[in-house]
Chemist: 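Sharing a structure, written as structure tokens. Questions coming.
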Amino acid sequence: MAKKPEADIFTRELTPQQLLELDACTMCGQCLKYCPVQDVTGRPSISPPEKIRMFREFIKATGGLKSRLFGPGKVDRRLLEDFTRAVFECTTCGNCGQNCTVGIFTQRLWPALRKEMVRRGLGPIGPQVEIPDKILRTGNPYDKPASERFSPWFPEQIRIEDKAETGYYAGCTGAYEATPMVRGDVLVLAAAGEPFTMLPAGDEVCCGFPLFITGQHDMLEDLTKRLVNAYRDKGVKTLLCSCPCCVSIMARDWPIFYGDRLPFRIRHITQFAAEAISKGRLRPKRDLREKLIYHDPCYLSRGVGIIEEPRTVLRSIPGVELLEFEMHGLNSRCCGAGGAARKIFHENAIAMGRLTIDEAVEKHADRLILSCPACYAKVNEAMEGYDKQVVITDIMELFSNLIK
Amino acid sequence: MNMFLFLCAYAAYALFWGRLAISVFSWWRMENRLGGNGLSARGLPCSVCAGGAVDVLTFRRLLVANGWLWIGSWTFHLSFFLVVLRHLRFAMEPVPGFIRVMQVPGLAAGYLLPVSVAVIAAARFAGKEQYVSWKNMLLIFHVFAIAVTGLLMRFFRTDLVGAKKFVLGIFSFTPAAPPDGYLFIIHFSLVLLLVPFLPSHILAAPLVMFDARRREKGLAAVMHEYQAGRGWDLGKKA
């Protein structure tokens with residue numbers, strides 16, 4: 001009797017925990033009210049439970065009881081393409097999972113499903129396909145020269161140590177698309193009197209997050225080992241970073257790709273600033289009589305639990321009145337910049353960014369404080385040509401101006 | 001009719017275990033890769049066990065998400081459990097003391113069961129979040145039909161002795177005639193149809209709730225309490 005062909009099952013890229021999560025979804029639909037893509041598209045066909053339902057069907061068709069008894073069924077290509085589009089349209093903000101009635105960790109589930117679609121040649125989408133080549137060529141996903149990574153934003157008067165216990169990783173999006181943010185970071189470091197080291201521009205390559213989030217994992221191990229070993233050789237014990245996506249992948253996933261615990265700890269720049277403020281090493285020299293509204297980035301709040309430290313920094317500024325979004329902290333609403341989707345699903349991202357602006361204006365905030373370079377770039381873009389305007393400032397950009 | 005029902009009962013039972021076995025087998029054969037949730041708390045600390053138990057028993061996350069759906073869902077699950085406990089009198093001879101004690105609560109639960117299912121359906125359709133999975137709705141309707149037919153047998157008396165002989169016959173492989181009346185046949189058939197299609201989230205959801213607590217506890221270790229070599233778990237190596 002001819003041997004049955006082995007089914008190309010859909011669970012290859014999942015962990016056992018993730019398979020359980022797919023099973024655990026009760027289809028209650030409560031996550032829809034937290035999904036920012038639903039807010040701007042109103043399409044349940046790309047909602048979290050629908051993505052799970054579709055993927056379950058794929059698993060059943062190739063690995064369920066019927067397929068084991070009678071051979072794997074064929075999965076309709078059009079359904080696969082619909083699913084791929086749905087899973088890549090997601091911003092991976094994770095708010096669905098944060099509020100899931102059974103606790104599914106969607107911020108890691110969606111990237112795993114994307115990885116499966118990439119394995120099948122169905123993803124990633126559009127220009128995401130070029131990300132690995134760009135990183136190979138230039139060390140960043142923006143295809144910009146490494147020589148421009150730290151120039152012209154890096155303050156000339158600030159010294160970078162050859163070796164130090166504190167390392168600073170600027171990150172690609174900060175260095176190329178949100179320079180006031182990374183400039184603010186190093187000014188704060190210098191003001192606190194903290195000696196720090198950085199890798200040369202050619203060596204500070206992408207942390208791997210754009211590859212991770214688009215399901216293209218081939219280079220991740222190499223990139224991680226390269227960066228971890230480089231910082232280790234510089235004597236780094238604490239690596240500071242300001243991009244929440246970088247911080248999230250470094251803290252959660254680098255140990256996995258590195259194959260061991262990291263030789264240094266990862267800290268967000270606001271953690272450093274909050275600690276420096278508490279020890280008297282940093283103090284604003286000027287008042288700021290403004291109403292500030294702080295937006296929690298998805299990968300900072302839900303991703304790594306940094307919620308209080310940015311608020312500590314802002315409250316340390318005399319005269320500031322700190323406002324909160326209706327959905328803040330762990331339930332923060334996505335500004336639209338996440339999931340490597342902001343350039344492909346541009347209209348979604350702009351619409352989400354404008355919802356953020358709307359609420360800031362509605363609450364009469366003088367300034368919208370952001371703490372993520374992707375949010376910074378996209379929300380600024382969303383404000384172009386929009387009838388509602390609010391001043392947008394990065395948290396370290398603001399703080400560094402007040403401690404001079 | 002007897003033999004047909006008997007064979008259906010055994011087929012439903014076999015299908016249930018077959019489906020469960022395939023799920024467990026597929027899960028067990030998966031590559032135990034690193035990744036997924038990355039870091040989480042090591043082992044199962046007491047706080048995680050206690051918190052997870054609270055989440056599972058009280059449906060805490062659902063309460064936070066939707067109060068009305070929580071009322072319907074929690075009442076449904078509790079009622080279903082009490083009704084099943086009460087029904088064990090048909091499958092056991094002599095009937096143990098704890099089953100006798102459950103008769104009155106089980107009876108009250110039987111009245112509550114269809115009401116709770118109706119509340120679930122209403123909460124789902126009334127909500128702003130209009131996600132309606134046809135399979136989910138079919139299951140809700142199916143359970144409602146089981147509950148209503150069961151309740152109707154209180155008013156259109158069924159031969160309980162005959163029902164018990166019939167059920168005990170299934171367990172002892174000695175076919176007996178089902179009691180007269182279409183209600184019993186309909187009710188029994190609906191239950192048989194449900195058994196192999198019991199939603200798998202019944203088993204997976206509690207485990208995921210515990211894992212979510214572990215992950216939340218581990219979150220503090222990710223950026224706040226990190227100390228090299230202590231406090232958190234990388235998971236098993238692939």
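In what follows, chains are A, B, ... by sequence order, proteins preceding strands, each numbered from 1.
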Chemist: Filter on ring-ring contact (aromatic ring centres under 6.0 Å, His included), then keep only pairs touching residues 191-222 of chain B, sequence neighbours left out; what's left?
Modeler: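 Passing the test, one end in residues 191-222 of chain B: no pairs.
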
Chemist: Just give me the residue among A/T26, A/N99, A/L19, A/I104 that pairs up with chain B most often, heavy atom to heavy atom, under 4.5 Å.
Modeler: A/T26

Chemist: Looking at A/P49, A/A112, A/G305, which has the largest count of heavy-atom pairs under 4.5 Å with chain B?
Modeler: A/P49

Chemist: Which atoms of A/Q271 are under 4.5 Å from chain B, going by heavy atoms: the side chain, the backbone, both sets, or neither?
Modeler: side chain

Chemist: Need one label for A/C35: side chain, backbone, both or neither, based on atoms under 4.5 Å from any heavy atom in chain B.
Modeler: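 Nothing of A/C35, per the 4.5 Å heavy-atom cut-off to chain B.
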
Chemist: Determine, for A/D296 against A/R311, whether the closest basic-nitrogen to carboxylate-oxygen distance falls under 4.0 angstrom.
Modeler: yes

Chemist: According to the side-chain hydrogen bond (donor to acceptor under 3.5 Å, both in side chains) rule, which pairs have a member within residues 136-146 of chain B, sequence neighbours left out?
Modeler: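 Every pair satisfying side-chain hydrogen bond (donor to acceptor under 3.5 Å, both in side chains) with a residue in residues 136-146 of chain B: B/R124-B/N136.
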
Chemist: Let me know if B/F25 has heavy atoms under 4.5 Å from chain A in its side chain, its backbone, both or neither.
Modeler: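 Contact with chain A involves the side chain of B/F25 alone.
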
Chemist: Would you mind checking which part of A/E50 comes under 4.5 Å of any heavy atom in chain B, side chain (CB onward), backbone (N, CA, C, O), both or neither?
Modeler: both

Chemist: Any salt bridge linking A/E57 with B/K135? Criterion: basic side-chain nitrogen under 4.0 Å from a carboxylate oxygen.
Modeler: yes

Chemist: With the side chain counted from C-beta on, respond yes when A/L20 and B/D211 share a heavy-atom pair under 4.5 Å apart, and no when they do not.
Modeler: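 Answer no - side chains too far apart.
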
Chemist: Check each atom of A/S47 against the heavy atoms of chain B and say whether the ones under 4.5 Å are side chain, backbone, both or neither.
Modeler: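 Contact with chain B: side chain only.
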
Chemist: Go through the atoms of B/L69 and report whether side chain, backbone, both or neither lie under 4.5 Å from a heavy atom of chain A.
Modeler: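 Contact with chain A: side chain only.
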
Chemist: Can you name the residues of residues 143-151 of chain B that have some heavy atom under 4.5 Å away from a heavy atom in chain A?
Modeler: none

Chemist: I'd like to check the side-chain hydrogen bond (donor to acceptor under 3.5 Å, both in side chains) partners of A/R114; sequence neighbours left out, ordered by chain and number.
Modeler: none

Chemist: Any Lys/Arg nitrogen of A/R267 or A/E309 sitting under 4.0 Å from an Asp/Glu carboxylate oxygen of the other?
Modeler: no

Chemist: With a cut-off of 6.0 Å (strictly less than), are more than 12 heavy atoms of other residues, nucleotides or ligands near CD of A/E165?
Modeler: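 Counting other residues, nucleotides and ligands, CD of A/E165 stays at 12 neighbours or fewer.
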
Chemist: Using the ring centroid of each side chain, check whether B/F171 and B/Y13 are separated by less than 6.0 Å.
Modeler: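 Not close enough - the centres of the two rings lie 6.0 Å or further apart.
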
Chemist: Chain A heavy atoms under 4.5 Å from B/L207: which part of the residue, side chain, backbone, both or neither?
Modeler: side chain

Chemist: Should the ring pair B/F76 and B/F80 be called parallel, tilted or perpendicular, given that the plane angle runs from 0 to 90° and is split at 30 and 60?
Modeler: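 Ring orientation of B/F76 relative to B/F80: tilted.
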
Chemist: Which label fits B/H87 and B/H187: parallel for a plane angle under 30°, tilted from 30 to 60°, or perpendicular past 60°?
Modeler: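 Ring orientation of B/H87 relative to B/H187: tilted.
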
Chemist: Top residue by heavy-atom pair count (under 4.5 Å) with chain A, among B/A65, B/A212, B/S73, B/P206?
Modeler: B/A65

